[in-house]
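All figures in this text were calculated on a predicted structure; none of them were measured in a lab.
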Amino acid sequence: AVKDSRVIFGGGFPEMRMSKAVDALASKTPGKKSIAMEAFARALRALPATICDNAGLDSSEIVANLRAAHGADPESRMGVDVIHGDMGDMSEMGIFEAFRVKSQVLNSATEAAEMILRVDDIIRAAPRQRQ
């Protein structure tokens, strides 16, 4: 029994779209938060790069092309086409992923990063004065 049958385009498309949105918000955010947001956007772009690397493709070239395609066209559905070794339209290719799985993966990764940052802050905190 599938409770959530929603699907989204695959092939790194959602990560490129999210990365673009996070980058846009980071450019409007002052202070250290913007640096963290830019790092998060870079981390999102790592997934399409990993798809390329696993397929033996030039990840830097394809991810740069994807970034340009998503920047030029807000309706772009481009993702990694491992068959042709380039980017392709995920709608035309029929590449989809389960929304629930993608959502859970993103939430888990974000929570893990937050926990690491919290532990790092605790370790860096000045020790309490003992009496």
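Tested against F13 for a side chain to side chain contact (heavy atoms under 4.5 Å, CB included), the candidates H70, E97, M87, M18 yield a single pass: H70. Exactly one of S19, P48, S76 qualifies for a side chain to side chain contact (heavy atoms under 4.5 Å, CB included) with L66. That residue is P48.
The CE atom of M37 lies 4.0 Å from the OG1 atom of T29; values are rounded to the nearest 0.5 Å. Atom CZ of R17 and atom CE of M78 lie 12.5 Å apart (nearest 0.5 Å). How far CE of M90 is from CD1 of I8: 12.5 Å, rounded to the nearest 0.5 Å. Atom CD1 of residue I95 and atom CG of residue D89 lie 10.5 Å apart, to the nearest 0.5 angstrom. Note that the CD atom of E15 and the OG1 atom of T50 stand 9.5 Å from one another [nearest 0.5 Å]. E92 CD to F9 CZ: the interatomic distance, rounded to the nearest 0.5 Å, is 10.0 Å.
Tracing side-chain contacts under 4.5 Å through hydrophobic residues (I, L, V, M, F, W, Y), one never reaches L44 starting from M16; they form parts of separate clusters. Note: the hydrophobic cluster containing F96 does not contain V105 (ILVMFWY, side chain heavy atoms under 4.5 Å, direct or indirect links).
Looking at every heavy atom in both residues, A26 comes nearest to S34 through O-CB, 3.3 Å. The heavy-atom pair separating G88 from D81 by the smallest distance is N-CB, 3.9 Å. Of all non-hydrogen atoms in A24 and S27, the two that sit nearest each other are O-OG, 2.7 Å. Residues S59 and D53 come closest through the heavy atom pair OG-OD1, 2.9 Å. Contact between I62 and G85 at its shortest, heavy atoms only, is CD1-O, 3.7 Å. Minimum heavy-atom separation, L57 to V82: CD1-CA, 4.0 Å.
A donor-acceptor contact shorter than 3.5 Å links the side chain of N107 to the backbone of S103.
Side-chain N/O atoms of S108 and Q104 include a donor and acceptor closer than 3.5 Å.
Every residue was checked against the ring pair (Phe, Tyr, Trp, His ring centres under 6.0 Å) condition with F40, not counting sequence neighbours, and none meets it. In this structure R67 satisfies the salt bridge (Lys or Arg N to Asp or Glu O under 4.0 Å) test together with D23, sequence neighbours excluded.
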